[in-house]
Amino acid sequence: MEKTYTCINCPLGCQVKAVISEGKVISLSGNTCEKGEKYVVKEVERPSRLVTSTVKVIGGRGPLVSVRTREEIPKEHIFDVMDEINKVVLKAPVGLGDVIIKDIFGTDVISTCEMEEK
């Protein structure tokens with residue numbers, strides 16, 4: 001099978017054509033640097049994403065605090081992580097980088113901002 005990917009690792013946005021067999025990249029063309037090659041191989045063989053969201057906060061200056069996974073997780077577990085994030089309700093104060101959920105699919109969910117008490 002042949003599939004074209006747009007590399008997102010630099011402003012060039014190379015159109016990288018990949019020949020794929022049994023979930024593995026057999027050959028690539030169209031990339032102008034090594035970043036395009038690494039990007040497509042990762043997308044084909046082990047796709048992963050950072051997950052970003054918000055969590056409810058009680059007693060804070062605002063109703064929500066932004067969170068994200070510390071590292072990328074396997075793409076197929078995004079909805080599992082979101083299910084866990086949606087269960088969380090925090091009490092202010094919340095610090096930048098606080099661990100909100102520990103060890104979920106090999107990473108933590110952390111806060112990406114501070115939330116002071118009212």
Side-chain angles (χ1 to χ4, degrees):
M1 170 177 86
E2 187 173 290
K3 188 170 178 183
T4 301
Y5 293 83
T6 302
C7 179
I8 61 171
N9 282 316
C10 78
L12 291 177
C14 294
Q15 298 296 302
V16 183
K17 290 184 182 176
V19 177
I20 303 164
S21 178
E22 297 179 11
K24 299 285 184 192
V25 175
I26 304 303
S27 66
L28 294 169
S29 62
N31 54 303
T32 57
C33 70
E34 193 176 289
K35 290 178 184 178
E37 179 180 334
K38 288 180 180 179
Y39 171 75
V40 172
V41 169
K42 181 177 158 285
E43 275 299 295
V44 171
E45 297 181 6
R46 53 189 186 289
S48 60
R49 301 288 187 271
L50 279 177
V51 176
T52 61
S53 189
T54 55
V55 171
K56 293 178 186 177
V57 178
I58 296 172
R61 292 187 178 251
L64 302 169
V65 66
S66 58
V67 298
R68 70 169 173 86
T69 52
R70 192 181 305 267
E71 288 111 23
E72 293 182 348
I73 61 157
K75 190 175 174 182
E76 67 266 17
H77 294 299
I78 290 172
F79 291 106
D80 299 322
V81 170
M82 284 305 305
D83 287 344
E84 293 304 311
I85 288 172
N86 289 334
K87 294 176 186 176
V88 174
V89 177
L90 300 173
K91 185 174 180 192
V94 178
L96 174 65
D98 283 357
V99 175
I100 307 305
I101 302 173
K102 183 138 182 76
D103 192 26
I104 186 164
F105 297 104
T107 191
D108 298 328
V109 175
I110 59 170
S111 61
T112 60
C113 66
E114 294 182 351
M115 178 61 67
E116 298 175 356
E117 291 181 88
K118 280 186 190 178

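No experiment lies behind these values; they were computed from the predicted model shown. Hydrogens, waters and symmetry mates play no part in the numbers below; they use all other heavy atoms, side chains included.
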Which value, rounded to the nearest 0.5 Å, describes the distance between [X] atom [atom1] and [Y] atom [atom2]?
{"X": "Glu34", "Y": "Asn9", "atom1": "CD", "atom2": "CG", "answer": "11.0 Å"}
{"X": "Lys102", "Y": "Asp108", "atom1": "NZ", "atom2": "CG", "answer": "4.5 Å"}
{"X": "Leu64", "Y": "Cys113", "atom1": "CG", "atom2": "SG", "answer": "9.5 Å"}
{"X": "Cys7", "Y": "Asn31", "atom1": "SG", "atom2": "CG", "answer": "8.0 Å"}
{"X": "His77", "Y": "Ile104", "atom1": "NE2", "atom2": "CD1", "answer": "10.0 Å"}
{"X": "Ile20", "Y": "Lys24", "atom1": "CD1", "atom2": "NZ", "answer": "12.0 Å"}

Please answer whether the main-chain N or O of [Y] pairs with a side-chain N or O of [X] as donor and acceptor at a distance below 3.5 Å.
{"X": "Asn86", "Y": "Asp83", "result": "no"}
{"X": "Glu45", "Y": "Val25", "result": "yes"}
{"X": "Thr6", "Y": "Gln15", "result": "no"}
{"X": "Thr107", "Y": "Glu71", "result": "yes"}

(request) Applying side-chain contact (heavy atoms from CB on, under 4.5 Å), run through Ile85 and Val55 and close with a yes or a no. (result) CA-CA 7 Å; Ile85 288 172; Val55 171; 3.9 Å; yes
**OP:** May I ask whether Val40 and Ile8 are part of the same hydrophobic cluster, defined by side-chain heavy atoms of I, L, V, M, F, W, Y residues being less than 4.5 angstrom apart, directly or through others?
**Re:** yes
| said: Is there a side-chain contact (heavy atoms from CB on, under 4.5 Å) between Val99 and Arg70? Walk through the geometry before answering. | reply: CA-CA 9 Å; Val99 175; Arg70 192 181 305 267; 3.5 Å; yes
Looking only at non-hydrogen atoms, find the nearest pair between [X] and [Y] and report the distance.
{"X": "Val67", "Y": "Ser111", "value": "CG1-CA, 4.1 Å"}
{"X": "Ile100", "Y": "Ile110", "value": "CG1-C, 4.0 Å"}
{"X": "Thr69", "Y": "Ile73", "value": "CG2-CG2, 4.2 Å"}
{"X": "Ala92", "Y": "Gly59", "value": "CB-O, 3.5 Å"}

Lys/Arg N to Asp/Glu carboxylate O, Arg46 vs Glu76, below 4.0 Å = no
*asked:* Salt bridge check, Arg49 against Glu72: does any charged N sit closer than 4.0 Å to a carboxylate O?
replied: no
Less than 4.5 Å apart, side chain to side chain, heavy atoms only: is that true for [X] and [Y]?
{"X": "Thr54", "Y": "Val65", "value": "no"}
{"X": "Val16", "Y": "Tyr39", "value": "no"}
{"X": "Met82", "Y": "Ser53", "value": "yes"}
{"X": "Pro93", "Y": "Glu116", "value": "no"}

- So Lys42 and Glu37, salt bridge (charged side-chain N to carboxylate O under 4.0 Å, His left out) or not? Walk me through it. CA-CA 9 Å; Lys42 181 177 158 285; Glu37 179 180 334; over 6 Å; no
Verdict with reasoning, Lys17 to Ser29, per side-chain contact (heavy atoms from CB on, under 4.5 Å):
CA-CA 5 Å; Lys17 290 184 182 176; Ser29 62; 3.7 Å; yes
Next on the checklist: Show, in sequence, the C-alpha distance, side-chain angles and deciding distance for Ser21 and Met1, and conclude whether the side-chain contact (heavy atoms from CB on, under 4.5 Å) test is met.
Outcome noted: CA-CA 6 Å; Ser21 178; Met1 170 177 86; over 6 Å; no
